[in-house]
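Computed from a predicted model, the values in this text were never measured in an experiment. Both backbone and side-chain heavy atoms feed into the values below; hydrogens, waters and symmetry mates do not.
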Amino acid sequence: MNQQAFLVGIGCNTHYQINISFILQQLLNRFGVVAMSPLIRTAPVGIKHAADFYNMVVYFVAKDQPQHLKAWFNQLETTLGRDRRIPGAALTVQPGDLDILHSSPPDSFINTRQVIRDSYYLTIADELLSFVGLAESDENTECKPGEILDKVTLSVFGKEIGLQPKVLAASSLVRKTEKSVTTLTQAEARQWLADEACCLIYSNEPRN
């Protein structure tokens with residue numbers, strides 16, 4: 001399969017600093033470069049006796065089939081303690097949830113209003129896509145009147161994320177158990193996506 005870019009929603013309402021950091025570390029270990037939206041705290045909707053949720057959106061490029069990627073996501077969720085054998089358990093206690101919101105060729109523009117159903121992902125997804133230059137329209141990137149995002153922070157491989165869009169790139173191993181991570185500038189992030197798109201074009205060209 002040719003490389004695809006995936007827009008993925010992440011949610012958690014217990015030990016978010018540990019659990020979401022773990023998820024992001026695993027994504028960096030596997031895919032190398034991950035673009036991250038702000039991390040926001042949201043009140044549970046239609047759920048009684050549940051703690052606040054923490055949500056963010058990530059964007060990365062992978063060769064995985066969507067079904068294989070989702071299976072790997074399920075493994076990560078199980079590692080964090082999610083138990084699908086208990087009906088409705090995830091509605092009140094959610095140690096980790098990863099959902100594929102959209103997939104498309106790298107460097108493709110995305111209209112979030114057409115691909116995202118959950119409203120709490122919309123504004124932060126717009127912020128992320130605007131940062132990397134893939135928002136189909138910039139008119140929706142600002143908060144709605146009266147909307148205040150409760151942004152929070154956490155650390156991933158020693159880098160603080162959460163208050164604004166950020167793109168992290170894993171570099172060479174410093175030690176076997178520690179990965180060196182670099183924060184890309186906006187220009188570097190956009191060049192990364194342009195390079196990924198070029199690789200896709202070259203891989204599709206017929207060979208003599």
Heavy-atom check, side chain of [X] versus side chain of [Y], under 4.5 Å:
X: E77; Y: L98; result: yes
X: L154; Y: L24; result: yes
X: I110; Y: E136; result: no
X: L101; Y: V115; result: no
X: V57; Y: I10; result: no
X: P95; Y: C12; result: no
X: V34; Y: Y59; result: no
X: L168; Y: V33; result: no

Which residues pass the salt bridge (Lys or Arg N to Asp or Glu O under 4.0 Å) test with [X], not counting sequence neighbours?
X: D52; answer: none
X: D118; answer: none
X: K151; answer: E127

Go through the structure and list residues passing side chain to side chain donor-acceptor pair (under 3.5 Å) with [X], not counting sequence neighbours.
X: S21; value: Q25
X: N19; value: none
X: S103; value: none

Original post:
Is a donor on one side and an acceptor on the other found under 3.5 Å between the side chain of Q65 and the backbone of Q67?
Top reply: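 No, Q65 side chain to Q67 backbone: no donor-acceptor pair under 3.5 Å.
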
**OP:** Examine distances only and state if a side-chain atom of K166 and a backbone atom of E160 form a donor-acceptor pair shorter than 3.5 Å.
**Re:**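 Yes; judged by distance alone, with no hydrogens or angles, the pair exists.
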
Using residues 181-189 as the side-chain source, report each donor-acceptor pair under 3.5 Å to any protein atom, sequence neighbours left out, with the distance given to one decimal.
from	atom 1	to	atom 2	distance (Å)
T185	OG1	E188	N	3.1
T185	OG1	E188	OE1	3.4
Q186	NE2	F131	O	3.0
E188	OE1	T185	N	2.8

Original post:
Would you say V58 and I100 are hydrophobically clustered, going by side-chain heavy atoms of ILVMFWY under 4.5 Å?
Top reply: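 V58 clusters together with I100.
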
Subject >> Qualifying ring pair (Phe, Tyr, Trp, His ring centres under 6.0 Å) pairs with a residue from residues 94-125, counting only residues at least two apart or across chains >> reply: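 For residues 94-125: none.
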
**OP:** Can you run down the ring pair (Phe, Tyr, Trp, His ring centres under 6.0 Å) pairs that involve residues 7-37, sequence neighbours left out, and say none if there aren't any?
**Re:**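 Pairs touching residues 7-37 that pass the test: Y16-Y54, F31-F60, F31-W72.
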
Tell me the closest heavy-atom pair linking [X] and [Y], and the distance in Å.
X: Q94; Y: G11; answer: CG-O, 4.2 Å
X: Q17; Y: T153; answer: NE2-O, 3.6 Å
X: N13; Y: A51; answer: ND2-O, 3.5 Å

Original post:
Applying salt bridge (charged side-chain N to carboxylate O under 4.0 Å, His left out), which residue pairs with at least one partner in residues 12-40 are found, sequence neighbours left out?
Top reply: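 Qualifying pairs, neighbours excluded: R30-D64.
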
Original post:
In chain order, what residues pass the side chain to side chain contact (heavy atoms under 4.5 Å, CB included) check against T78, with sequence neighbours excluded?
Top reply: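 So T78 forms a side chain to side chain contact (heavy atoms under 4.5 Å, CB included) with R84.
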
**OP:** Apply side chain to side chain contact (heavy atoms under 4.5 Å, CB included) to D107 and list each qualifying residue two or more places apart in sequence or on a separate chain.
**Re:**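 Side chain to side chain contact (heavy atoms under 4.5 Å, CB included) list for D107, sorted by chain: L134, L193, A197.
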
From [X] [atom1] over to [Y] [atom2], what is the distance, rounded to the nearest 0.5 angstrom?
X: I23; Y: F73; atom1: CD1; atom2: CZ; result: 9.0 Å
X: D97; Y: L76; atom1: CG; atom2: CG; result: 11.5 Å
X: N55; Y: L149; atom1: CG; atom2: CG; result: 11.0 Å
X: L39; Y: I124; atom1: CG; atom2: CD1; result: 7.5 Å
X: M56; Y: S37; atom1: CE; atom2: OG; result: 4.5 Å
X: L7; Y: L128; atom1: CG; atom2: CG; result: 7.0 Å

**OP:** Kindly determine whether D126 and T112 satisfy side chain to side chain contact (heavy atoms under 4.5 Å, CB included), including the steps that lead there.
**Re:** CA-CA 7 Å; D126 284 333; T112 57; 2.7 Å; yes

Subject >> Verdict with supporting geometry, L27 and M36, side chain to side chain contact (heavy atoms under 4.5 Å, CB included) >> reply: CA-CA 11 Å; L27 293 174; M36 307 171 186; over 6 Å; no

